[in-house]
J.: 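Structure below; questions to follow.
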Amino acid sequence: PRMNINQCLDLVADWYKQQNGTDYVQLKDSPSSWVGVPMIVRENVVGVVATYPDKEYYYTTSDLEILQAMANIAAIALENARLYKEVKEALEQKEKAEKDKEESEKWAYFGRIVGSLAHRIGNKGGMIRLCVEDLNEYFEEKQLSDEFLTKQIDTITRNNQYLLELSQVLFKPIKAF
């Protein structure tokens, strides 16, 4: 909507009051001429475009319209930059969330594999232990003694115990690093 000059001046004055004059260029002397127009985005004043030459100059309606057109373009550019930054940050957050989810899924899959492996090792180790016990009982019943077989059975027993301990370690939760 088009504004008349008084509406523009009111918006500019309000914006300067909200900024406590912090963005206003302080001049040694009051300017001879001054004109300012609001930079408006979605009905909100986001800034002011102002000009104040050293010499006295009378601004025409045409000057005001040109300055307002420049302010509108600048406001659109600033809003586009803000929106671009917002979209870029949202995209980065989405990509990070997807990466975190993928990493979590990899760890979950790894955990299932390790759990399955530990279970199988435990089952096989338990069977080996029972077979070795049966073999030892058989040797005792038959009163068989063979040094080589005794050493081999001891080796199998030790290795089996190692596998059973490994399966217990694999069942423990793994902390991600």
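For this chain, numbers begin at 1 and follow the sequence in order.
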J.: Using the salt bridge (charged side-chain N to carboxylate O under 4.0 Å, His left out) rule, take Glu95 and Lys99 through it: C-alpha gap first, then chi angles, then the decisive distance, then the call.
T.: CA-CA 6 Å; Glu95 288 171 352; Lys99 184 180 175 187; over 6 Å; no
J.: Test Met39 against Val49 for side-chain contact (heavy atoms from CB on, under 4.5 Å), laying out the working first.
T.: CA-CA 7 Å; Met39 297 171 62; Val49 174; 3.7 Å; yes
J.: Using a 3.5 Å distance criterion without hydrogens, assess whether the side chain of Asp134 forms a donor-acceptor pair with backbone atoms of Cys131.
T.: no
J.: Given the rule in the salt bridge (charged side-chain N to carboxylate O under 4.0 Å, His left out) test, do Glu98 and Lys101 qualify, once you have shown the distances and angles that lead to the verdict?
T.: CA-CA 5 Å; Glu98 287 173 356; Lys101 179 182 177 194; over 6 Å; no
J.: Enter the distance from Ile73:CD1 to Gln68:CD here, rounded to the nearest 0.5 Å.
T.: 10.5 Å
J.: Evaluate Asn123 against Met127 for side-chain contact (heavy atoms from CB on, under 4.5 Å), listing each step before the verdict.
T.: CA-CA 6 Å; Asn123 285 346; Met127 288 177 52; 5.6 Å; no
J.: Distance check, rounded to the nearest 0.5 Å: Tyr59 atom OH versus Ile66 atom CD1?
T.: 12.0 Å
J.: State, to 0.1 Å, how close Ser167 and Ala118 come at their nearest heavy-atom pair, and which atoms those are.
T.: CB-O, 3.4 Å
J.: Is any side-chain heavy atom of Leu78 closer than 4.5 Å to one of Val41?
T.: no
J.: Quick check against the 3.5 Å criterion: does Asn160 have a side-chain atom that pairs as donor or acceptor with the backbone of Gly125?
T.: yes
J.: Calculate, to the nearest 0.5 Å, the distance between atoms CG and CD1 belonging to Asn159 and Ile128 respectively.
T.: 9.0 Å
J.: Flag the pair Lys96 and Asp100 as a salt bridge only when some basic side-chain nitrogen lies within less than 4.0 angstrom of an acidic carboxylate oxygen.
T.: yes
J.: Can Asn136 and Glu140 be counted as having a side-chain donor-acceptor contact under 3.5 angstrom?
T.: no
